[in-house]
Amino acid sequence: VQLQASGGGLVQAGDSLRLSCAASRLPFSVYSMGWFRQALGKERELVAAINWSGGVTYYADSVKGRFTISRDNAENTVYLQMNSLKPEDTAIYYCAATAMAPTRSRYEYGYWGEGTQVTVSS
């Protein structure tokens, strides 16, 4: 199983980025997917999650109204559209897969990508 995250970069506050995570060798369409982030010196936290069909989504309070998670099962890809970025969004962003319903707990995600750095300058 491989999860390849991309789309990170250095942007200014207020800008947008779209992260992508392409899955291979995974029955993608039956897995829930999550985006996590880990800032320097902090715990890894769930940012957003989506169930297999895209019909159920979850967002951390800190990103509600700014971030949108979506998926394309035909392309085995999950996306995270990030708008109105803030300096506190700076972190390494990871995508992850779970065979369970979307969950906040990182311990329930069995597959992880390597992460993509997002840096938001003020």
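Model, not experiment: these values are computed from the prediction. Hydrogens, waters and symmetry mates play no part in the numbers below; they use all other heavy atoms, side chains included. Numbers here simply count residues along the sequence, with the first being 1.
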Going through the distances and angles, do Thr119 and Gln117 end up as a side chain to side chain donor-acceptor pair (under 3.5 Å)?
CA-CA 6 Å; Thr119 304; Gln117 176 72 47; 3.3 Å; yes
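- Surrounding OH of Tyr111 are at most 12 heavy atoms belonging to other residues, nucleotides or ligands under 6.0 Å away.
- Within a 6.0 Å radius of CH2 in Trp112, more than 12 heavy atoms belonging to other residues, nucleotides or ligands are found.
- Phe28 and Val1 end up in the same hydrophobic cluster when Ile, Leu, Val, Met, Phe, Trp and Tyr side chains are linked at under 4.5 Å.
- Shown here for Cys21 and Leu3, the closest heavy-atom pair between the two residues is SG-CB, 3.9 Å.
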Just do the side chain to side chain contact (heavy atoms under 4.5 Å, CB included) check on Thr116 and Ile92 with the steps written out, would you?
CA-CA 5 Å; Thr116 184; Ile92 299 174; over 6 Å; no
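- Leu17 and Leu10 fall into different hydrophobic clusters, where Ile, Leu, Val, Met, Phe, Trp and Tyr residues are linked whenever their side-chain heavy atoms come under 4.5 Å apart, directly or through other members.
- Distance CZ/Arg18 to OG1/Thr68: 11.5 Å, rounded to 0.5 Å.
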Side chain to side chain contact (heavy atoms under 4.5 Å, CB included) between Thr90 and Val118: does it pass, once the steps are laid out?
CA-CA 5 Å; Thr90 295; Val118 172; 5.9 Å; no
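- Scanning all heavy atoms of the two residues, the minimum distance from Ala48 to Tyr59 falls at CB-CD2, 3.7 Å.
- Tyr58 and Arg104 share a donor-acceptor pair across their side chains, judged by distance under 3.5 Å alone.
- Across all their heavy atoms, Gly34 and Tyr109 have their closest contact at N-CE2, 3.8 Å.
- The OH atom of Tyr79 sits 11.5 Å away from atom CD1 of Ile50, with the distance rounded to the nearest 0.5 Å.
- The closest side-chain heavy-atom distance from Asn83 to Phe67 is not below 4.5 Å.
- Interatomic distance, OG1 of Thr57 versus CZ of Arg71, reported as 12.0 Å (0.5 Å rounding).
- Salt bridge present: Lys64 and Asp61 bring a charged side-chain N and a carboxylate O closer than 4.0 Å.
- Within a 6.0 Å radius of CD in Glu114, no more than 12 heavy atoms belonging to other residues, nucleotides or ligands are found.
- Rounding to the nearest 0.5 Å places CG of Leu85 at 6.5 Å from OG of Ser16.
- Ala39 and Ala91 get closest at one heavy-atom pair: N-CB, 3.7 Å.
- Looking at Asn51 and Ser32, their side chains never bring a donor and an acceptor atom within 3.5 Å of each other.
- Asp15 contributes no side-chain N or O that, together with a main-chain N or O of Ser84, makes up a donor-acceptor pair within less than 3.5 Å.
- At a threshold of 4.5 Å between side-chain heavy atoms, the hydrophobic network of Ile, Leu, Val, Met, Phe, Trp and Tyr places Ile69 and Val63 in one connected group.
- Remark: the Gln4 side chain and the Ser6 side chain contain no N/O donor-acceptor pair separated by less than 3.5 Å.
- Rounding to the nearest 0.5 Å gives a distance of 10.0 Å between CE of Met33 and CG of Asn73.
- When all heavy atoms of Leu19 and Met82 are compared, the closest pair comes out as CG-CE, 3.7 Å.
- Inter-residue side-chain proximity for Val78 and Trp35 is flagged as met; some heavy-atom pair is nearer than 4.5 Å.
- The closest donor-acceptor contact from the side chain of Thr77 to the backbone of Glu75 lies under 3.5 Å.
- Going from atom OG1 of Thr98 over to atom OH of Tyr107 covers 14.5 Å, rounded to the nearest 0.5 Å.
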Would Val47 and Phe36 count as a side chain to side chain contact (heavy atoms under 4.5 Å, CB included) if you check the C-alpha gap in whole Å, the side-chain angles of each, and the deciding distance to 0.1 Å?
CA-CA 5 Å; Val47 175; Phe36 287 76; 5.7 Å; no
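- A cation-pi geometry, defined here as NZ or CZ lying under 6.0 Å from the six-membered ring centre and within 45° of its normal, does not hold between Arg37 and Tyr94.
- Under 4.0 Å is where a charged nitrogen must lie from a carboxylate oxygen, and between Arg106 and Glu43 at least one such pair does.
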